[in-house]
Amino acid sequence: MSPAPGMGHPGRDEGCLMSRYNSKETEAKWQAIWDQRGSFIATEDPGRPKYYVLEMFPYPSGRLHVGHARNYAIGDMVARYKRARGFNVLHPMGWDAFGLPAENAAIANKVHPADWTYQNIATMRDQLKTLGLAYDWTREIATCAPEYYRHEQKIFLDFLKAGLAYRKESWVNWDPVENTVLANEQVIDGRGWRSGAPVEKRKLNQWVLKITHYADELLDALTKLDRWPDKVRTMQEKWIGKSSGLRFTFDLMDDADKIEVFTTRPDTLFGASFVAVSPNHPLAARLAAGNPDLTAFISECNSIGTSEAAIETAEKLGFDTGLKAIHPFDETRTLPVYVANFVLMEYGTGAIFGCPAHDQRDLDFANKYRLPVLPVVVPEGTDPASFKVGTEAYTGPGVLRNSGFLDGLDVESAKREAIGRIEATGKGEGTTIYRLRDWGVSRQRYWGCPIPVIHCDACGIVPVPEQDLPVELPTDVSFDQPGNPLDHHPTWKHVACPTCSGEARRETDTFDTFFESSWYFARFCSPHETTTAFDRSAADYWLPVDQYIGGVEHAVLHLLYSRFFTRALKDCGYLSVAEPFEGLMTQGMVTHATYKDAQGQWLYPEEVEQRDGVPVRIDGGEPVEIGRLEKMSKSKKNVVGLEHIIDTYGADTMRLLLLSDSPPERDLEWTESGIDGAWRYVARVWRLITEPAVELAPAGSPQPAEISDKGQAARRIVHKTIDGFGDDVEKFRFNKAVARVRELTNALAELDGKGAGEGWVLREGYETLVKLIGPMMPHLGEELWQGLGHAELLTESPWPEADPALVVDESVVVAVQVNGKLRAQLPLPRDAAKEIAEEAALNDANVQRAMEGKPVRKLIYVPNRIVNVVI
RNA sequence: GCCCGCUUGGCGGAAUCGGUAGACGCAAGGGACUUAAAAUCCCUCGACCUUUGGUUGUGCCGGUUCGACUCCGGCAGCGGGCACCA
């Protein structure tokens, strides 16, 4: 964007008019004043109601972009508004500073992850400060600092003691060329992103947290989170995935092994036509030992990687093991046993029976391998003989057929009956399972919090003694060889066993970075406490977070882990609350088109321009491929920086733009059209208030006895705006709040101030306007507040109160419909009686024309809204 | 593939409980002011028609209702998540 030059433009200062609003100077001035006065430093005060507002802290990826700014503009609006309403507000900011990008940068640019991270933090902190956000910067934390993660290590040891952490074999993506574990993101079409080698799955012994211990609690408590969006609660509910069903074992023909399966559809057991086990099932491993074809099949399945999305979208493949499972209700029936790539070892028992007629996945599989499809549930009233299942499974309700003793039952009764019969045979039982799995927290990476345990050949796993915490990351590491630098560090991992003093090794895995973000909100209550993770009284005062704000993309993982952590911390005696976030607002993502050059490399938007309608590189003119709209992220380079917007227009203008137009929960496609409009509004408010048409009444003067009709009308608008604005902010409808304030501005601009008392009305209106825009444009607000003759800061002034008498209109416009079509609009007194409204409606000429002389069949009157004449 | 959303003028969006579709802006067009421009101000702005009025219109198809952007059923397109990106 290149701003057009001109006198009214913020980028240019002709220096000739006092009406110029200089955003740069003004914003710096007020930021310094707030800072100097410590305006936003929070202290516990039991005498005042507290309000804890938190935006999800950022990963320090390098530069702040518009997506970050949207998040913080929303949070600051809430924080400043609540503050003006008299709350003792805690509004902190910090850095989610461990993570993979720092290591990628280390490998690509030979920078140490710590240097890279701290430099990014410094840059982003500076950028953040230019936004003028009401943060208590004294509480800033960075999760990569030992002062932070030492407490995390202690928390882990307490979880270990409480039985909430244990070791478990789990699968990872293995790059056989780089000898490195790959993140799912680093696996592209089954190959390592750098080496291009086909990925393998490997089993590693890893640390796991027992989130499933809280599965029921996490599920049940969702209903109480009434200030959370329904969609997030639904997503978590589905993620936990509580389902009841039947677990039972199949006996095999000519084989001593048994296969235990879980099903949510025991009613369809008579429709079973195969049994399938996961490629990682012990039985598959046993059979593969003597079978090179099966071994090859299993390794092919494993080349898909560990990502569930990849596994589920892959073509469904099976390998017939030749084994036959015996049907539990009919010993004469046998079912072929397959190894199938769509059966997940992590869910249920890692084995299923397939009923193709009533499960789409089973049907696809059966059609591919020519297995029988036998419908056993038939919709009520359908002839069972003619009911066929083709390419679409029938999953609806119905009556059982072809099912022996279940025939004639409905689905639910048949489930109960089938479970009862299996239980009677002793082959299995009705049970409840969860989709939720325990949380694997081990990562084979350097830039994370070291897991504080020691492996001793003699004593086994020994926790690091508390007095030896923190286990600090060594700084002298090399990324020249593949794998985890901690693992090949010459000395770091070699320690004496705390128990037997013999030679032992440190755990070289580090924690998943979701570990840090699962408790940071509580750390903000006492960020500098050295002896414990939380000062109990501070945590009791501030927690839970009253309003948490962040992207929807965190709807499940981060938010569920935090809920689990808070419960676990409570059980370990750290905290008093179980739920971390009382209110949640999930903002939509800021999206932008992505660009790729001919080599398939991502390009930044500023590297691309349109020439003759064709996108090309600015520097070489080579063609550029425009990709789809995606969430702004540094990895795809579709980020838009803030600097030049703030430089040209100021932070307030950008904040206004980010809050106008799009409602916060919706995705926002970033375009710079609109920034000029936002600036025009800033300049307009500035002119309106600094150059009033008439002299304003002095600050604090009493309401005059006489006020003109126009003045009274303006006052109604002022008070209606106060009322509606507050309501909008409470409900996160910032776009509407902005629209209201613009309407107020339009109304005040139209009042010439010459009528009786209008100088007083204008002062009331201007002061209200300034107070309302304060939470979104705080610098402009302070400057105008001062200009209106106030000595105290706007930031320290109370919110305006609406006069209830001025909020309701005396007359309303009621619409009149004839057979549902609008025919007239009638001004009527508020709450007019039914008879009056109906008479007025029927007397209207246009209504009579539409009625064509026909008699009224029915009259519907909704007071203050509508009359519908049905003829 | 599974789970969760979203879809309204040229564009962002408004319509809060089923009751006047398009508030408030952006862009565009026209005009005033100006030597000229910028800035500012005024007017027009869903589509169509036989224009003091009428028809039609909220992704598509169908339903419920006196009345549907809103509720129900089906479909399409777009986006998010899927456990090692954060």
Side-chain angles (χ1 to χ4, degrees), chain A residues 4-9 12 56 58-59 61 96 99-101 172-173 181-187 229-232 234-235 237-239 241 306-314 316 342 346 360-361 364 435-437 439-445 512-514 517 551-558 560-561 588-589 591 628-631 633 635 660-663 665-669 671 673-678 680-681 683-684 687 727-728 731 733 735-736 738-743 746 813-817 819-822 824-825 846 849 857-860 862 865-870:
Chain A
M7 212 174 79
H9 196 277
R12 270 274 196 86
M56 290 180 184
Y59 178 77
S61 55
D96 187 13
L100 210 42
V172 294
N173 298 308
V181 174
L182 296 178
N184 283 335
E185 187 190 49
Q186 299 172 321
V187 178
D230 288 342
K231 64 173 171 181
V232 174
T234 313
M235 277 191 258
E237 185 191 324
K238 305 272 181 180
W239 185 265
T306 60
S307 140
E308 189 178 320
I311 293 167
E312 294 259 348
T313 45
K316 281 151 198 58
F342 61 89
E346 289 78 20
Q360 192 59 45
R361 228 167 22 177
D364 294 343
R435 207 184 74 97
L436 181 68
R437 308 197 294 261
W439 171 20
V441 293
S442 296
R443 297 291 181 270
Q444 296 69 44
R445 315 214 178 277
D512 178 3
T513 58
F514 275 124
S517 56
V552 247
E553 66 272 26
H554 293 293
V556 177
L557 292 180
H558 162 60
L560 192 61
Y561 289 151
M589 280 156 296
T591 61
R628 60 197 197 112
L629 283 182
E630 284 188 84
K631 170 177 82 166
S633 79
S635 60
S660 335
D661 295 350
S662 223
E665 56 285 341
R666 203 174 303 187
D667 285 352
L668 173 72
E669 187 192 344
T671 58
S673 70
I675 190 83
D676 281 311
R680 268 203 296 277
Y681 179 70
R684 180 158 181 243
R687 272 198 318 276
D727 192 43
D728 286 339
K731 291 172 179 152
R733 298 185 300 221
N735 53 327
K736 287 184 63 186
V738 170
R740 267 184 220 282
V741 135
R742 281 181 180 272
E743 279 172 317
N746 293 343
V813 175
V814 171
V816 184
Q817 296 179 339
N819 280 353
K821 287 197 172 161
L822 181 69
Q825 298 180 8
N846 212 27
R849 177 146 34 100
R857 285 196 2 230
K858 195 171 170 188
L859 265 173
I860 289 138
V862 181
R865 292 207 184 262
I866 207 163
V867 176
N868 192 4
V869 183
V870 185

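Quick note on labels: first sequence line is chain A, next is B, and so on, each numbered from 1.
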What is the distance, rounded to the nearest whole Å, between atom [atom1] of [X] and atom [atom2] of [N]?
X	N	atom1	atom2	value
Glu743(A)	G25(B)	CD	P	7 Å
Asn868(A)	A68(B)	CG	P	10 Å
Ile866(A)	C17(B)	CD1	P	17 Å
Ile311(A)	C84(B)	CD1	C1'	14 Å
Arg687(A)	C41(B)	CZ	P	6 Å
Glu553(A)	C3(B)	CD	P	22 Å
Leu822(A)	G54(B)	CG	P	9 Å
Arg857(A)	U65(B)	CZ	P	13 Å

Under 4.0 Å between a side-chain N/O of [X] and OP1 or OP2 of [N], yes or no?
X	N	result
Lys736(A)	A15(B)	yes
Thr513(A)	A86(B)	yes
Arg666(A)	C6(B)	no
Arg740(A)	U16(B)	no
Arg733(A)	U16(B)	no
Asn746(A)	A23(B)	no
Ser662(A)	G13(B)	yes
Asn735(A)	G25(B)	no

- request: Could you check whether the rings of Phe514(A) and His554(A) sit parallel, tilted or perpendicular, using 30° and 60° as the cut-offs?
  value: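 Phe514(A) and His554(A): perpendicular rings.
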Let me confirm one number: the [atom1]-[atom2] distance from [X] to [Y], rounded to the nearest 0.5 Å.
X	Y	atom1	atom2	result
Ile311(A)	Thr306(A)	CD1	OG1	7.0 Å
Arg733(A)	Arg740(A)	CZ	CZ	7.5 Å
Asn868(A)	Lys821(A)	CG	NZ	12.0 Å

Using a 4.0 Å heavy-atom cut-off across all strands, classify [X] as base, sugar-phosphate, or nothing.
X	value
Ile860(A)	base
Gln444(A)	base
Val862(A)	base
Gly241(A)	nothing
Leu436(A)	base
Asp364(A)	nothing
Ser307(A)	sugar-phosphate
Arg742(A)	sugar-phosphate
Phe514(A)	base
Val813(A)	base
Val181(A)	base
Arg445(A)	base
His554(A)	base
Arg865(A)	sugar-phosphate

Interatomic distance at [atom1], [N] relative to [M], whole Å:
N	M	atom1	value
C24(B)	G46(B)	P	13 Å
C4(B)	G9(B)	P	27 Å
C6(B)	G18(B)	P	15 Å
U65(B)	C72(B)	C1'	12 Å
G25(B)	A14(B)	P	15 Å
C75(B)	A28(B)	C1'	36 Å
G10(B)	A27(B)	C1'	7 Å
G59(B)	C69(B)	C1'	12 Å

[X] side-chain proximity, nearest of [options]:
X	options	result
Arg435(A)	C84(B), A83(B), C85(B)	A83(B)
Asp96(A)	A86(B), G13(B), A83(B)	A86(B)
Pro101(A)	A14(B), A21(B), C85(B)	C85(B)
Lys238(A)	C41(B), C82(B), C4(B)	C4(B)
Ala309(A)	A15(B), C3(B), C82(B)	C82(B)
Met589(A)	C66(B), G80(B), U16(B)	G80(B)
Asn173(A)	U20(B), A86(B), C84(B)	C84(B)
Tyr59(A)	A86(B), A14(B), A83(B)	A86(B)
Asp667(A)	G1(B), A21(B), G79(B)	G79(B)
Val172(A)	A21(B), C84(B), G1(B)	C84(B)

message: Looking at every heavy atom in both Val181(A) and Gln186(A), which two are closest together, and how far apart are they?
response: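 So the two residues come closest at O-OE1, 4.2 Å.
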task: Measure from the side-chain N and O atoms of Asp667(A) to the backbone N and O of Gly588(A), and report whether any donor-acceptor pair falls under 3.5 Å.
output: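 No, because the side chain of Asp667(A) does not come within donor-acceptor range (under 3.5 Å) of the backbone of Gly588(A).
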- request: For Lys821(A) and for Val814(A), find the nucleotide of RNA chain B with the closest heavy atom, then tell me which residue's nucleotide is more 5'.
  value: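 Looking at the nearest nucleotide for each, Val814(A) comes out on the 5' side.
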message: Between Lys231(A) and Lys731(A), which residue's closest nucleotide on RNA chain B lies nearer the 5′ terminus?
response: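 Upstream on the strand: Lys231(A).
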task: Using a 3.5 Å limit on both pairing distances, list the dot-bracket string of RNA chain B from the 5' end; Watson-Crick and G-U wobble pairs count, crossing pairs take [ ], interstrand pairs take |.
output: (((((((..(((......[....))).(((((.......))))).((((...))))..(((((..]....))))))))))))....
message: Quick one about Arg857(A) and Asn819(A) (side-chain donor to acceptor, distance below 3.5 Å, no hydrogens or angles considered), yes or no?
response: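 No donor-acceptor contact under 3.5 Å links the two side chains.
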- prompt: Run the side chain to side chain contact (heavy atoms under 4.5 Å, CB included) check on Met56(A) and His558(A) step by step: do they pass?
  reply: CA-CA 10 Å; Met56(A) 290 180 184; His558(A) 162 60; 4.0 Å; yes
